[in-house]
Amino acid sequence: MISNISIALMNGIVWGLIMALIALGLNLIFGLLHVINMAHGALYMLGAVAAWYLIELTGSFWIALIIAPLFVGIVGIMIERGLIRTIEDKPIITIICTFGIMLVIQELVLMIFGGAPRRIDSPITQRFPIFELQYPAMRIMIAFISIILMSGLWIFLKKTKYGLWMRAVVQDREMAVGLGIPVTKVYMWTFAVGSALAAFSGVLAAPIVSVEFMMGREVLIMAFIIVIVGGMGNLAGSVVAAVLISLIQGVGSIFVSPSMAMVFSLAILIIVLLVRPQGLFGE
Amino acid sequence: MSSWKEKPFGFTLIFGLVILGLVILPFFTELYYQTFLTELFVWILFAISFDLIFGYTGLLSFGQALFFGIGGYTITILTRKYGLGTEPGLLLCILIPMVFAWFVGYFSVKLTGIHFVIITIIFAIIANIIGDTWTSLTGGKDGLTFSPRPFRLGFFQINLMDIKGNYYFVLAVVALCYLILRRIVQSPLGKIFVSIRENEERARLIGYHVQRYKLIAFIIAGGLSGLAGGLYSLTLKYAGAGYLHWSVSGHAVVYTIVGGMGTLIGPVVGTGIILSLEHYLVNFLQATDLVVGIVLVVMVLLAPKGIVGLIQSRRKKGKASA
């Protein structure tokens, strides 16, 4: 029992950190554009699929981990520049537009990649013992990479010019324009970074789950939940919420069925939405 | 926008002609097309009921699949388990989803904007999970099949197992619902819905209880979505948890946007175009949703008022230059 729970705790933390990455991307875009990007789950899936091809091509998971998010980041730029830019001030219309983009990405992948799920082998196969069970070292590596990425994002937001601009635009858009910040450029880069984060999340999840064209659909909802519970626009809140929720779900799944654990967390989410729409960690 | 209303005779004429055309059509077409058209009518009902809350009241609900799915389960389970006839069954297909819509709406209308969108998605996901796991009631992932009983009204009887009978039945119900919805949106109640969409703050200041009217719109739309689900199950002789998935609501969103939101004729046109397109594309393309997605994105960007909006603005321009 103790080993079961400790495995569930470890899995909860690892999965929580992966979910934190995609939620951060979603939240970053929300904070700036005040829009829920319905295509975000599809970008996560696109990251995993791109990684699968890159691994076929180069044989290296680590190359895929770098190139796939770059590729998806460029896709993000294309979406923002080509499609969303003209309707950014209409949140509801943007939700519908990104829903359409989600369909397009999913169906394109279905056409090219096919409908069957495929596996990505984990590049690290060592295991180490926890009590009487074995735990794959790759998952620890995944958690470690996620933390590095989040630290990188934090440094980017706090220490670079673009990060400063982004924070300025989130705080007061009019003022930022007045101070000469190139707001449209900031939008573009935010979308690129947000998309790349979704792709990182997808690549890191790929060795744990299987890669298929619908894998982003459920994850999108998970990311919604995390962003709302953590507070929209509150990045640190998202990280805490991601780990917390996936810990609760992971440990809860030992005692009740996973679907009941999901219903339970959705019910909590409805209560949060109604009682504290600004999120648990907001002011 | 009110060009129909200025010429009520024009509407009656066109509506009558379209219905007449659809009534005589089965004498000239194969059964295959009758099934296609029957499904088209069902989706039209789903789309116009969605348009009442989105196009008229301004609430983007991705939760309509919940009511659609429950409507399907209602008629299926009642017929299969309790041997209930089609007439009370269909009535319950409206009433039971209305109760659910009242419950979901009671909480949802407290929220606005993106939060509203998300809470309706969440409710639909919960329903989908329950539908998937409560196997003894819903048949789980396999769903349920059944044989609908004939519809009786006095001496009048329609055999719903017959494709042509089913076609006429669905056509009649959907046409009736269209007229009812038309009556609603032209009534003072419909004007209040539009005033909420246009400016919620102002509607509140005038003295309307905005949340109550939103709830009314939500309940009406939920009942009609449920009826659409019930008719769909009557057509397919099947109900399943798949129809509860929130992405099914996306169908209504696509049809309404492409056709033109905030008009009843818009979703009808949109459903017709998109379903015909899919029907045609499926012959040589596995991923028909690809084209649907592209059409949706293009319409949202270039003509957010849809095809009907495009025609209307062209007409206005023509009038101005003449």
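Lettering follows sequence order; numbering is per chain, from 1.
The number of heavy-atom neighbours closer than 6.0 Å to CZ of A/Phe264, taken from other residues, nucleotides and ligands shown, is 12 or below. When the shell of 6.0 Å around CZ of B/Phe100 is examined, it contains 12 or fewer heavy atoms from other residues, nucleotides or ligands. No more than 12 heavy atoms of other residues, nucleotides or ligands shown are found within 6.0 angstrom of CH2 on A/Trp189. Around atom CZ of B/Phe36, more than 12 heavy atoms belonging to other residues, nucleotides or ligands sit under 6.0 Å away. Annotation for B/Arg204: atom CZ counts as buried by contact number, over 12 foreign heavy atoms lying within 6.0 Å.
Residues of residues 75-85 of chain A that come within less than 4.5 angstrom of chain B, heavy atom to heavy atom, are A/Leu83 in numerical order. When the heavy atoms of residues 59-68 of chain B are compared with those of chain A, the residues falling under 4.5 Å are B/Leu60, B/Phe62, listed by number. Inspection of non-hydrogen atoms places A/Ile92, A/Ile93, A/Ile95, A/Ile96, A/Cys97, A/Phe99, A/Gly100 of residues 91-100 of chain A under 4.5 Å from chain B.
Atoms CD1 and CD1, from B/Ile118 and A/Ile36 in turn, are 4.0 Å apart once rounded to the nearest 0.5 Å. Annotation: the span from B/Ile125 atom CD1 to A/Phe224 atom CZ amounts to 8.0 Å, rounded to 0.5 Å. To the nearest 0.5 angstrom, A/Leu274 atom CG is 6.5 Å from B/Phe107 atom CZ. Atoms CD1 and CG, on B/Ile129 and A/Leu266 in that order, are 5.5 Å from each other to the nearest 0.5 Å. Within the model, atoms OG1 of B/Thr133 and CE of A/Met262 stand 12.5 Å from one another, a figure rounded to the nearest 0.5 Å. Between atom CD1 of residue A/Ile270 and atom CD1 of residue B/Ile122 there is a gap of 6.5 Å, rounded to the nearest 0.5 Å.
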Next item on the list: Please report the C-alpha distance between B/Ile121 and A/Met38 in whole Å, then the side-chain angles of each, then the deciding distance to 0.1 Å, and finally whether the side chain to side chain contact (heavy atoms under 4.5 Å, CB included) criterion is met.
Entry: CA-CA 12 Å; B/Ile121 293 180; A/Met38 299 284 273; 4.2 Å; yes

Margin query: Show, in sequence, the C-alpha distance, side-chain angles and deciding distance for A/Val104 and B/Leu296, and conclude whether the side chain to side chain contact (heavy atoms under 4.5 Å, CB included) test is met.
Written below: CA-CA 10 Å; A/Val104 172; B/Leu296 178 66; over 6 Å; no

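Among A/Met232, A/Lys90, A/Met102, the residue with the largest count of heavy-atom pairs under 4.5 Å with chain B is A/Met232. Heavy-atom pairs under 4.5 Å with chain B were tallied for A/Leu269, A/Ile101, A/Leu103; the largest tally goes to A/Leu103. Contacts with chain B were tallied for A/His34, A/Met260, A/Arg217; A/Arg217 has the most, counting heavy-atom pairs under 4.5 Å. Contact count against chain B (heavy-atom pairs under 4.5 Å) is highest for A/Leu110 among A/Leu110, A/Ile105, A/Thr86.
Heavy atoms of A/Ile228 lying under 4.5 Å from chain B belong exclusively to its side chain. Proximity to chain B (any heavy atom under 4.5 Å) is shown, for A/Gln106, by neither the backbone nor the side chain. At a 4.5 Å heavy-atom cutoff, the contact between A/Leu108 and chain B is made by backbone and side-chain atoms alike. If you measure heavy-atom distances from A/Ser259 to chain B, the contacts under 4.5 Å come from both the backbone and the side chain. For B/Val117, the part lying under 4.5 angstrom from a heavy atom of chain A is the side chain only. Contact of B/Ser108 with chain A is not made at all, since no heavy-atom distance falls under 4.5 Å. Looking at B/Ile257, the atoms closer than 4.5 Å to chain A (heavy atoms on both sides) all sit in the side chain, from C-beta outward. For A/Ile221, the part lying near chain B is the side chain, with the backbone staying farther off; criterion is any non-hydrogen pair under 4.5 Å.
Between A/Glu107 and B/Ile294 the shortest side-chain heavy-atom distance does not fall below 4.5 Å. In this structure, the side chains of B/Ile114 and A/Phe30 come closer than 4.5 Å at one or more pairs of heavy atoms.
Considering only residues two or more places apart in sequence or on other chains, B/Trp102 meets the side-chain hydrogen bond (donor to acceptor under 3.5 Å, both in side chains) condition with none of them.
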